[in-house]
Amino acid sequence: MISSAVIMSALELGCIYALVALALFLSFRVLNIADMTTDGSFTLGCAVSATLAVAGHPLLALPAAMLAGAAAGSITAMLQTKMKIPSILAGIITNTGLYTVNLAVMGFSSNVNMMKAKTLFTLVRPYLGTWYRLVPAAIVTVLMGVLLVLFLRTRLGLSVRATGDNPDMVRASSINTGFTITVGLCAANALTALSGAVLAQYQKTADINLGTGMVIIGLASLIIGEALMPKGKLWAKALGAVIGSILYRFIIALALRLDLPSECLKLISAVIVALAIGLPALKPARKRGTAKC
């Protein structure tokens with residue numbers, strides 16, 4: 001049996017990491033770009049949030065982290081659109097450079113302790129009691145999810161979606177694909193950095209390695225959600241990313257309850273992603289094999 005504390009923790013972390021799933025939904029599914037900036041942007045959000053929280057500005061830390069993440073996304077977009085570097089390499093280059101940037105933001109320390117600092121969660125604790133972690137995390141995630149769906153329905157959002165579907169057609173319509181790619185990557189990395197910012201205040205610590213493997217975690221959440229929600233509707237896809245993130249945290253919680261070593265969590269994440277991506281392709285093959293028999 002999973003205790004109520006484990007369930008609550010899975011819900012809280014699921015909501016926080018859902019922002020990464022929403023970011024990858026925008027970059028990976030909508031723009032059709034494998035953005036490898038994710039790991040660095042997540043750590044950047046953690047670093048900015050922790051530094052400002054220690055300085056006494058926990059609420060200001062959230063929009064500041066989003067701006068920092070958007071700046072990171074703009075660099076990746078510039079490398080891709082202006083310098084014609086392939087999207088994966090552009091993300092890797094930015095991610096590599098962000099390691100030093102993140103260290104600089106944290107005062108060239110590998111971690112920042114916020115145990116004595118006020119955070120978003122400690123500010124609302126007197127009003128929410130035992131729900132003081134879940135409610136703020138859920139509100140931030142729902143708000144960002146709604147704003148993302150509304151944005152993708154605007155004229156600019158439709159241009160971003162069209163760029164991912166058929167960039168040649170978009171160029172033929174006199175739309176600047178470089179601009180739409182930049183907007184999409186900035187928004188995606190802003191969401192990723194916001195996730196890191198909330199997590200840092202949730203854990204009351206920021207570490208230079210917190211973003212490692214964030215692409216895998218986000219993809220696992222996104223793919224799990226896609227398998228559960230109906231296809232076609234934009235709001236369903238965004239909701240699926242959130243639900244997938246929560247279910248992913250429950251899977252991790254279950255793995256920990258089975259006494260699997262924590263070192264195996266990255267391997268479990270990789271297996272989940274591989275199965276989620278590969279199973280749909282295996283079904284037709286299995287059907288063909290059955291038909292031959």
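The first residue in the sequence is number 1, and the count goes up from there. Nothing here was measured: the structure is a model prediction, and the numbers come from that model.
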* To do: Go through the steps for L191 and V20 under the test side-chain contact (heavy atoms from CB on, under 4.5 Å), then give the verdict.
  => CA-CA 7 Å; L191 286 173; V20 179; over 6 Å; no
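- Distance alone, capped at 3.5 Å, places no donor-acceptor pair between the S9 side chain and the A5 backbone.
- Listed here is the closest heavy atom pair of G40 and N95: N-OD1, 2.7 Å.
- The main-chain N or O of N111 is never found under 3.5 Å from a side-chain atom of D207 such that the two would form a donor-acceptor pair.
- In this structure, M114 and T205 have side chains that are not in contact, with every pair of non-hydrogen atoms separated by 4.5 Å or more.
- Under the 4.5 Å side-chain criterion, counting only non-hydrogen atoms from C-beta, F25 is in contact with L152.
- Considering every non-hydrogen atom in both A238 and L22, the closest pair reads O-CD2, 3.6 Å.
- Counting non-hydrogen atoms of neighbouring residues, nucleotides and ligands closer than 6.0 angstrom, the CE atom of M36 reaches no more than 12 such neighbours.
- Using a 4.5 Å heavy-atom threshold, the side chains of L199 and Y17 count as touching.
- Listed by first and then second residue, the ring-ring contact (aromatic ring centres under 6.0 Å, His included) pairs that reach into residues 68-103 come to none, sequence neighbours excluded.
- For the residue pair G73 and C186, the shortest heavy atom distance occurs at C-SG, 4.2 Å.
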Please output the side-chain donor-acceptor pairs of residues 125-142 that fall under 3.5 Å, not counting sequence neighbours, one pair per line with the distance.
| from | atom 1 | to | atom 2 | distance (Å) |
| --- | --- | --- | --- | --- |
| T141 | OG1 | C15 | O | 2.5 |
| T141 | OG1 | A137 | O | 3.0 |

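- Ion pair R249/E12 not flagged as a salt bridge, since none of the NZ, NE, NH1 or NH2 atoms sits closer than 4.0 Å to an Asp/Glu carboxylate oxygen.
- Considering CD1 of I7 and CD1 of I246, their distance stands at 12.5 Å, rounded to 0.5 Å.
- S245 places no side-chain N or O within donor-acceptor distance of the main-chain N or O of A241, the cut-off being under 3.5 Å.
- Between L228 and L247, some side-chain heavy-atom pair lies under the 4.5 Å cut-off.
- A distance of 10.5 Å separates CD1 of I33 from CD1 of I88, quoted to the nearest 0.5 Å.
- Between L210 atom CG and C46 atom SG the span is 4.5 Å, to the nearest 0.5 Å.
- No side-chain heavy atom of D39 sits less than 4.5 Å from a side-chain heavy atom of L98.
- L123 CG to Q201 CD: the interatomic distance, rounded to the nearest 0.5 Å, is 8.0 Å.
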* **side-chain contact (heavy atoms from CB on, under 4.5 Å) assessment of F179 paired with T81** => CA-CA 9 Å; F179 175 71; T81 59; over 6 Å; no
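- Distance check: S159 OG to I181 CD1 gives 12.0 Å after rounding to the nearest 0.5 Å.
- For F121, the ring-ring contact (aromatic ring centres under 6.0 Å, His included) partners are Y202, not counting sequence neighbours.
- Here the straight-line distance linking atom CG of L31 with atom CG of L24 works out to 11.5 Å at 0.5 Å rounding.
- Considering only residues two or more places apart in sequence or on other chains, S41 meets the side-chain hydrogen bond (donor to acceptor under 3.5 Å, both in side chains) condition with N189.
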* To do: Mind running side-chain contact (heavy atoms from CB on, under 4.5 Å) on R161 and L234 for me, showing each step along the way?
  => CA-CA 11 Å; R161 293 164 65 183; L234 190 61; 3.8 Å; yes
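- Under a cut-off of 6.0 angstrom, the local environment of NZ in K204 is crowded, with over 12 non-hydrogen atoms contributed by other residues, nucleotides or ligands.
- Side chains of S87 and Q80: a donor-acceptor N/O pair is absent below 3.5 angstrom, by distance only.
- Without hydrogens or angle criteria, T122 side chain to T119 main chain gives a donor-acceptor distance under 3.5 Å.
- Applying the side chain to side chain contact (heavy atoms under 4.5 Å, CB included) rule to S174 yields no partners; only residues at least two apart in sequence or on another chain are considered.
- A pairwise comparison of heavy atoms in A197 and S49 identifies O-OG, 2.9 Å as the closest pair.
- Every residue two or more places apart in sequence or in another chain that forms a side-chain hydrogen bond (donor to acceptor under 3.5 Å, both in side chains) with T37 is listed here: D35, T76.
- Using modelled atom types, one side-chain atom of N166 and one backbone atom of M169 make a donor-acceptor pair closer than 3.5 Å.
- Without hydrogens or angle criteria, T180 side chain to V160 main chain gives no donor-acceptor distance under 3.5 Å.
- More than 12 heavy atoms of other shown residues, nucleotides or ligands fall within 6.0 angstrom of atom CZ in F151.
- Scanning both residues, A72 and T94, for their nearest heavy atoms gives O-CG2, 3.7 Å.
- Looking at every heavy atom in both residues, L26 comes nearest to A187 through CD2-CB, 3.6 Å.
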* Are L44 and V101 close enough, and set up right, to give a side-chain contact (heavy atoms from CB on, under 4.5 Å), and what steps lead you there? -> CA-CA 8 Å; L44 178 61; V101 172; 4.3 Å; yes
